[in-house]
Asker: 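Following this message is one structure expressed as C-alpha cells.
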Amino acid sequence: MVVIRHARVFTDTNIDNMKKDNFFPKRTVQNLKGERGVIEFAKLINSELGWIFRKTELEHDYGIDGYIDIVLEDGFVSGKTVAVQIKYGESYFKQKSHNGFWYTGKTKHLNYYLNLDFPLLLVIINSTGAYWVEFDIEQTEKISSGWRISVPTANKLDASSRSVIEDLVGEVQDYKAHIEAKWYYDDLMKNKASIILFDISREAFKNMDISYTVRFFNRLLGNDSLALHCQGKIEIMTSAYDADPRELYEIQEVRDYIAQLEPIVKYWFFFAPTHLKSATLRLLLLCAYFHKDSDGLWKPIKRDFKDFLESNFIGLNSLTERLGISQERNKQISEAIFAYLNHHFG
C-alpha cells in the first residue's frame with residue numbers, strides 16, 4: 001500500500017530546475033522554421049496555383065513534407081500528385097550555384113526518393129518567394145555532408161509554374177467514355193449473350209499479332225464475376241477466310257497464329273464451349289497439335305497432345321479454385337471436355 005501524505009508544491013524554482021533537466025519538450029528554432037516554411041508554401045500553392053497541399057504529419061515525415069494534389073482549372077481534382085520537400089529560411093539562399101542556389105540533402109533519403117511513383121519537388125522558400133527544382137538523381141552531385149542539386153532562379157514558384165509542373169505529372173485523362181464502354185460490354189457478355197464470338201482479323205493472322213486476343217482473355221481474367229459468367233461461352237472464330245475453300249486448320253498462317261496463341265492463354269478448358277458443334281477446341285488442337293502425314297491424313301502429335309491436356313486441366317483446376325467453383329462443377333466441366341474430345345478425336 002502506498003500512502004501519499006504530502007503533495008509536491010511546484011514553485012518557480014522547481015520549474016526552472018525541471019527545465020534544466022529537460023523535463024519539458026522544447027520547440028527548437030529548426031522546428032519553428034520548418035512549420036513556417038510549410039505554412040508559407042501551403043498559402044502559395046492555394047493562392048497562386050489553386051491546388052491542394054496536404055501536409056505530412058511529423059511522425060510520418062521520412063523526407064517528404066507534403067503532397068500537392070493537382071486541381072484542374074474547372075475545379076476538378078485530377079488524381080495527379082506531386083511530392084514536396086521544403087527548406088525555409090535565408091540560410092538556404094546563401095550557397096549560390098551557377099544558375100541559382102544549392103539545395104543540399106542527406107544520402108539516407110535517396111533510395112526513398114528514387115522509388116517514388118510520382119515527381120518530387122525540392123523547394124527553398126524565404127520571405128520574398130519560393131523556388132523549386134524537380135528531384136533528378138542525374139542532376140545531383142556528391143558533397144561531404146551528402147548531396148546537392150541546383151535550384152534555378154528561373155524556377156520561381158508562382159502562377160507561371162502551373163503548366164511546367166503539370167507537364168511533370170503527365171496529361172490528365174478523362175476515362176468516362178472508357179469506363180462506360182467497359183461496363184456496357186461487360187453487361188453484354190455477362191447477361192445478354194449465351195455465346196460470345198471472338199472474331200480474329202485477317203491482319204492479325206498475317207502479322208502474327210496475338211496481342212489483342214491475349215488482352216481480351218486477360219480482361220476476362222481480371223474480373224472474377226465476368227470470368228464466371230463467360231465460362232464455356234468464348235468461341236474463337238474468323239470470317240477472314242470465308243471465301244477460301246480450305247479448312248481453317250489447313251491455312252498455314254492460321255496454324256502458326258493458333259500455335260503461338262494456344263500456350264499463352266492457359267484456360268481454354270474453362271472458357272471454350274463444349275457443345276459438340278463448337279469449333280474452338282477442335283481448331284486449337286488441329287492447328288497446334290496435328291500434322292498431315294504422308295497419306296494426307298491429319299494425325300495428332302501424341303506427346304504434344306498429352307501436354308496440351310495436362311496443361312489445360314491444370315489451368316482449369318487453378319481457375320475454378322480461384323473463382324470458388326465447387327469440385328462438383330469442376331467435374332461437370334471436365335466430363336463435358338472429355339465427351340467433346342472423344343466425339344471429335346475419338
Side-chain angles (χ1 to χ4, degrees), residues 79 117 170-240 248-249 253-275 278-289 304 307-326 329-330 332-334 336-337 340-341:
D117 289 329
E171 184 180 359
V172 176
Q173 301 290 328
D174 185 347
Y175 292 97
K176 180 182 178 182
H178 171 79
I179 293 167
E180 290 182 342
K182 176 203 178 315
W183 287 341
Y184 172 78
Y185 286 109
D186 283 359
D187 182 59
L188 281 182
M189 290 189 285
K190 289 168 66 173
N191 303 314
K192 298 179 173 63
S194 57
I195 288 291
I196 298 165
L197 302 178
F198 187 85
D199 191 350
I200 302 172
S201 69
R202 184 152 196 167
E203 184 181 8
F205 284 116
K206 289 181 69 174
N207 296 330
M208 289 291 291
D209 182 6
I210 66 172
S211 61
Y212 183 74
T213 307
V214 171
R215 285 200 303 272
F216 171 74
F217 280 98
N218 286 341
R219 178 183 170 189
L220 301 182
L221 293 167
N223 184 316
D224 287 357
S225 175
L226 185 59
L228 280 167
H229 280 83
C230 290
Q231 191 277 308
K233 291 168 61 173
I234 308 300
E235 190 80 83
I236 297 295
M237 52 85 66
T238 181
S239 56
L248 283 175
Y249 60 82
E253 61 191 33
V254 176
R255 293 181 59 80
D256 293 341
Y257 181 96
I258 296 297
Q260 183 180 350
L261 176 68
E262 185 280 319
I264 294 176
V265 179
K266 303 175 182 179
Y267 306 103
W268 296 109
F269 284 177
F270 183 85
F271 288 115
T274 52
H275 61 82
S278 171
T280 296
L281 290 177
R282 183 169 180 269
L283 180 64
L284 288 172
L285 284 162
L286 287 169
C287 286
Y289 298 103
D304 291 346
D307 290 343
F308 168 80
L309 292 177
E310 182 176 336
S311 64
N312 274 277
F313 272 118
I314 290 173
L316 172 66
N317 293 338
S318 67
L319 188 53
T320 54
E321 182 177 359
R322 192 193 98 185
L323 298 176
I325 293 175
S326 68
R329 178 57 186 148
N330 180 293
Q332 291 172 357
I333 297 170
S334 300
I337 291 165
Y340 178 95
L341 296 176

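Here the structure is a predicted model, which is why all the values come from computation and not from measurement.
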Asker: Checking Asn317 side chain against Phe313 main chain: does a donor-acceptor pair fall under 3.5 Å?
Answerer: yes

Asker: His229 and Lys233: which non-hydrogen atoms are nearest, and at how many Å?
Answerer: O-CD, 2.8 Å

Asker: To the closest 0.5 Å, what do you measure between CG (Leu261) and CZ (Phe205)?
Answerer: 9.0 Å

Asker: Side-chain contact, heavy-atom cut-off 4.5 Å: Ile196 with Leu188?
Answerer: no

Asker: Please give me the minimum heavy-atom distance between Ala259 and Ala288, naming the atom from each residue.
Answerer: CA-CB, 4.1 Å

Asker: After noting the C-alpha distance and the side-chain angles of Trp268 and Ile337, does the key distance pass the side chain to side chain contact (heavy atoms under 4.5 Å, CB included) rule?
Answerer: CA-CA 10 Å; Trp268 296 109; Ile337 291 165; over 6 Å; no

Asker: Could you work out, with salt bridge (Lys or Arg N to Asp or Glu O under 4.0 Å) as the rule, every residue matching Asp307, not counting sequence neighbours?
Answerer: none

Asker: Working to the nearest 0.5 angstrom, can you tell me the gap between Asp187 CG and Leu226 CG?
Answerer: 10.5 Å

Asker: Quick check: are there more than 12 heavy atoms from other residues, nucleotides or ligands sitting under 6.0 Å from CD of Glu321?
Answerer: no

Asker: Just wondering, do Ser318 and Tyr267 contact through their side chains at under 4.5 Å, heavy atoms?
Answerer: yes

Asker: Is there a side-chain contact between Phe270 and Thr320 (heavy atoms, below 4.5 Å)?
Answerer: yes

Asker: Does any N or O in the side chain of Glu235 come within less than 3.5 Å of the main-chain N or O of Ala279, such that one atom is a donor and the other an acceptor?
Answerer: yes

Asker: Ignoring hydrogens, what is the shortest heavy-atom contact between Thr280 and Ile234? Give both atom names and the distance.
Answerer: OG1-O, 3.8 Å

Asker: Met208 and Asp256: which non-hydrogen atoms are nearest, and at how many Å?
Answerer: CE-O, 3.3 Å

Asker: Are Tyr249 and Tyr289, when compared by the centres of their aromatic rings, separated by less than 6.0 Å?
Answerer: no

Asker: List in chain and number order the residues that pass side chain to side chain donor-acceptor pair (under 3.5 Å) with Thr274, two or more places apart in sequence or in another chain; answer none if no residue qualifies.
Answerer: none

Asker: When rounded to the nearest 0.5 angstrom, what is the spacing between CG in Asn330 and CG in Leu319?
Answerer: 10.0 Å

Asker: Looking at Lys192, I want to see if its NZ is surrounded by more than 12 non-hydrogen atoms of other residues, nucleotides or ligands under 6.0 Å.
Answerer: yes

Asker: Calculate, to the nearest 0.5 Å, the distance between atoms CD1 and SG belonging to Ile195 and Cys230 respectively.
Answerer: 10.5 Å

Asker: Take Phe198 and Tyr212 through the ring-ring contact (aromatic ring centres under 6.0 Å, His included) test and state the conclusion after the steps.
Answerer: CA-CA 11 Å; Phe198 187 85; Tyr212 183 74; 5.7 Å; yes

Asker: Might you work through the side chain to side chain contact (heavy atoms under 4.5 Å, CB included) test for Glu203 and Asp209, ending with a clear yes or no?
Answerer: CA-CA 8 Å; Glu203 184 181 8; Asp209 182 6; over 6 Å; no

Asker: Would you say Phe217 and Lys266 make side-chain contact, with heavy atoms under 4.5 Å?
Answerer: no

Asker: Give a yes or no on whether the backbone of Leu286 and the side-chain of Arg255 come within a donor-acceptor separation of less than 3.5 Å.
Answerer: yes

Asker: A side-chain contact here means heavy atoms from C-beta on lying under 4.5 Å apart; do Arg322 and Asp224 qualify?
Answerer: yes

Asker: Would you please say whether a donor-acceptor pair under 3.5 Å links the side chains of Thr213 and Tyr257?
Answerer: yes

Asker: Got Asn223 and Lys182 here, is their nearest side-chain heavy-atom distance under 4.5 Å?
Answerer: yes

Asker: Hey, could you give me the SG/CD distance between Cys287 and Gln260, rounded to the nearest 0.5 Å?
Answerer: 13.0 Å

Asker: Would you say the side chain of Gln231 lies within less than 4.5 Å of the side chain of Arg329, judging by non-hydrogen atoms?
Answerer: yes

Asker: Give me the atom names and distance for the closest heavy-atom approach of Ile236 to Ile200.
Answerer: CG2-CD1, 3.7 Å

Asker: Do Arg219 and Asp186 make a side-chain contact, defined as non-hydrogen atoms from C-beta onward lying under 4.5 Å apart?
Answerer: yes

Asker: Is a donor on one side and an acceptor on the other found under 3.5 Å between the side chain of Ser278 and the backbone of His275?
Answerer: no

Asker: Closest approach of Thr238 and Asp199, non-hydrogen atoms and distance?
Answerer: CA-OD1, 3.1 Å

Asker: With rounding to the nearest 0.5 Å, note down the distance linking CG in Leu283 to CG in Leu248.
Answerer: 6.0 Å

